[in-house]
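Small disclaimer: the values here were computed from a predicted structure and weren't measured. Naming: A, B, ... by sequence-line order, numbering from 1 per chain.
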Protein chains: 2
Amino acid sequence: MGGSMLDKAAVILECFSPSGGPYRLSELSERAGLPKPTVHRLAGDLVRLGWLERSGPQYRLGAKLFELGSLVPHRLDLRETALPFLQDLFEATRETVHLGVREGMEVVYLERIHGHEALRLPSRIGGSLPLTCTGVGKALLAFSGPELMEEVLSRPLPSLTPYSITDPTRLRMALEKIQVSGLAYEEQEAALDVSCIAAPVFAGGTTVAALSVAVPRSRFSPAQLAPAVRTAALGLSRVLRGSG
Amino acid sequence: MGGSMLDKAAVILECFSPSGGPYRLSELSERAGLPKPTVHRLAGDLVRLGWLERSGPQYRLGAKLFELGSLVPHRLDLRETALPFLQDLFEATRETVHLGVREGMEVVYLERIHGHEALRLPSRIGGSLPLTCTGVGKALLAFSGPELMEEVLSRPLPSLTPYSITDPTRLRMALEKIQVSGLAYEEQEAALDVSCIAAPVFAGGTTVAALSVAVPRSRFSPAQLAPAVRTAALGLSRVLRGSG
DNA sequence: CCATACTGTTCCGTGTCACGGAACAAAGTT
DNA sequence: AACTTTGTTCCGTGACACGGAACAGTATGG
């Protein structure tokens with residue numbers, strides 16, 4: 001473990017997650033826990049391959065990774081078929097729209113579209129967050145079977161804000177409400193002053209994704225948003241059913 | 001060259017570009033030009049790292065690559081700030097919208113948004129095409145300095161369709177028109193039955209990107225589209241000027 | 001049912017090339 | 001100018017990547 005050259009390269013690349021920011025050789029060496037000459041050599045190789053880029057003393061992730069990452073098949077397909085529905089949802093609400101899938105005990109965001117307003121959020125395309133703190137996550141969790149739900153509920157619940165639900169009993173009740181209504185609500189559990197409403201996307205009998213719309217708390221009006229989110233999720237589910 | 005373990009791993013991963021489709025061990029071995037046991041061992045390592053995924057006998061690109069690829073900084077920043085303008089452009093035209101940057105003698109697409117209509121195009125997020133055959137490419141080429149233009153014009157011009165411009169003289173004239181008008185037109189040069197109109201995006205005195213709208217030939221009406229494309233490109237340029 | 005032609009996998013002796021401490025150079029800091 | 005930290009080169013050692021060969025599964029078809 002931690003032996004081969006590939007492992008070391010992977011450790012170096014993962015130093016850039018999630019911050020992505022540029023690092024210098026020494027910082028990389030420290031973060032990766034590898035001796036400096038080793039990082040020097042490997043980073044040089046990675047630059048040669050286009051997986052890292054170097055400007056002066058700064059290393060950053062390279063273009064080749066973007067190219068390869070864009071080809072990851074399951075991600076690509078879902079994103080492509082979902083995009084029109086996300087567009088519809090955006091146009092209907094003019095708010096920030098998300099598409100996410102479950103990966104283990106986390107939600108990974110595949111797409112995120114928004115208008116000119118900033119809306120500071122912890123979500124990022126390709127980034128992951130706890131299932132329990134976000135609208136998309138709760139929608140996924142509520143419809144991914146009781147085993148996973150119990151598994152998640154049995155562990156300490158992470159929190160992103162003071163409003164994140166950390167009490168298993170409260171979370172269980174919330175999830176049951178979601179199962180009944182088919183819609184997940186979230187208020188300031190992922191970011192302060194942001195509320196969110198999400199709906200699951202089904203295909204072939206299982207939950208494959210969820211989409212959501214996030215809005216500033218002041219503008220949050222569930223009655224307006226709920227139908228749009230539900231419509232988009234159902235539309236996407238229908239198309240996925242047809243092709244998959 | 002072709003020596004170290006990393007190089008071999010890179011060769012294997014690049015087998016998935018641009019088709020992305022799943023491959024079996026033997027196919028990988030052949031495509032990569034590496035002996036079967038070697039690919040077996042390396043692919044196993046790559047799976048362990050999350051760079052590849054394996055379902056039965058099929059190998060495909062893994063989730064970790066998507067995650068890392070989404071963090072590539074220059075790409076991420078530009079995409080994020082451009083998105084609202086792409087949305088505007090999409091809403092104004094309701095047609096397929098592209099954002100691309102130049103990389104060497106090719107255009108790389110960073111974003112591509114569209115509605116429910118399919119519109120078969122060779123462009124793909126993360127994918128690259130010749131500068132000379134696409135609207136975005138021609139816009140980038142026309143505003144990337146005379147050295148690059150001459151360099152490109154001095155080489156054989158690739159073609160994606162029978163309508164792609166392969167005559168250097170004709171291309172030079174087209175580029176000069178683009179320089180004057182600030183808009184690039186393209187008709188069926190990248191895909192049959194698809195026309196396109198593109199505009200460059202400037203920041204800090206250089207051309208950093210271009211955006212375009214692609215429409216079925218039957219619906220192509222430059223007078224409608226040109227102002228929208230120009231507006232979006234100028235808006236994005238202004239914001240980039242402010243923050244870059 | 002066995003022959004045939006593939007696949008994917010394990011084995012293992014060989015030799016290469018990755019390794020990282022140490023020494024050096026370059027660039028800041030006080 | 002003395003000192004600290006960073007980036008880079010060197011090189012002897014030994015771990016481990018290598019891939020041919022042999023084996024084991026799995027589809028085709030006589």
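Here B:R24 reaches the OP1 or OP2 of C:dG8: one of its side-chain N or O atoms lies under 4.0 Å away. Residue B:R41 places none of its side-chain N or O atoms closer than 4.0 Å to OP1 or OP2 of D:dG19. A sub-4.0 Å separation between OP1 or OP2 of C:dG8 and a side-chain N or O of B:H40 is absent.
No hydrogens or angles considered: a donor-acceptor pair under 3.5 Å links the side chains of B:S17 and A:E67.
The CG atom of A:L28 sits 15 Å away from the P atom of C:dG20 (whole-angstrom rounding). For B:K36 and D:dA24, the NZ to P distance is 15 Å, given to the nearest whole Å. Remark: P of C:dC6 and CD of B:E27 are 15 Å apart, rounded to the nearest angstrom. Following rounding to the nearest Å, B:L34 (CG) and D:dC18 (C1') show an atom-to-atom distance of 11 Å. Rounding to whole angstrom units, CZ of residue A:R54 and C1' of D:dT8 are separated by 9 Å. The CG atom of B:L46 sits 13 Å away from the P atom of D:dA17 (whole-angstrom rounding). The CG-P distance, from B:L6 to D:dC16, rounds to 16 Å in whole Å. Straight-line distance from the CG atom of B:D45 to the P atom of C:dA18: 15 Å, rounded to whole Å.
One finds a salt bridge joining A:R112 and B:E80 here, because a Lys/Arg side-chain nitrogen approaches an Asp/Glu carboxylate oxygen to under 4.0 Å. With salt bridges taken as basic N to acidic carboxylate O contacts below 4.0 Å, none links A:R120 and A:D193.
Among the candidates B:R75, B:R124, B:R79, the single residue satisfying the salt bridge (charged side-chain N to carboxylate O under 4.0 Å, His left out) test with B:E111 is B:R79.
Contact annotation for A:S26: backbone-only contact, meaning every heavy-atom pair under 4.0 Å involves sugar-phosphate atoms and none involves a base.
Side-chain atoms of A:P37 lie closest to C:dA22 of the nucleotides C:dC19, C:dA22, C:dG8. Listed nucleotides D:dC18, C:dG8, D:dG7 differ in distance to B:K8; the shortest reach to its side chain belongs to D:dC18. Comparing D:dT8, C:dG21, D:dG20 by their nearest atom to the side chain of B:P35 picks out D:dG20. Closest to the side chain of A:T38, from the set D:dG19, C:dG20, D:dT8, is C:dG20. The A:S4 side chain lies nearest to D:dA17 when the options are D:dG19, D:dA17, C:dA22.
A:C133 places none of its side-chain heavy atoms less than 4.5 Å from the side chain of A:L157.
Of the two residues near DNA chain D, A:M5 and A:Y59, the one whose nearest nucleotide lies more 5' is A:Y59.
Stretches of at least 3 consecutive Watson-Crick or G-U wobble pairs, with each checked distance under 3.5 Å, appear in DNA chain C as C:8-24 with D:7-23, C:26-28 with D:3-5.
The aromatic rings of B:W51 and A:W51 lie perpendicular to each other, with more than 60° between the two planes, well past the 30° mark.
Checked against the 6.0 Å centroid criterion, the rings of A:Y59 and A:F16 do not qualify as a close aromatic pair.
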query: Can A:L121 and A:H98 be said to form a side chain to side chain contact (heavy atoms under 4.5 Å, CB included), step by step?
result: CA-CA 11 Å; A:L121 282 176; A:H98 288 102; 3.6 Å; yes

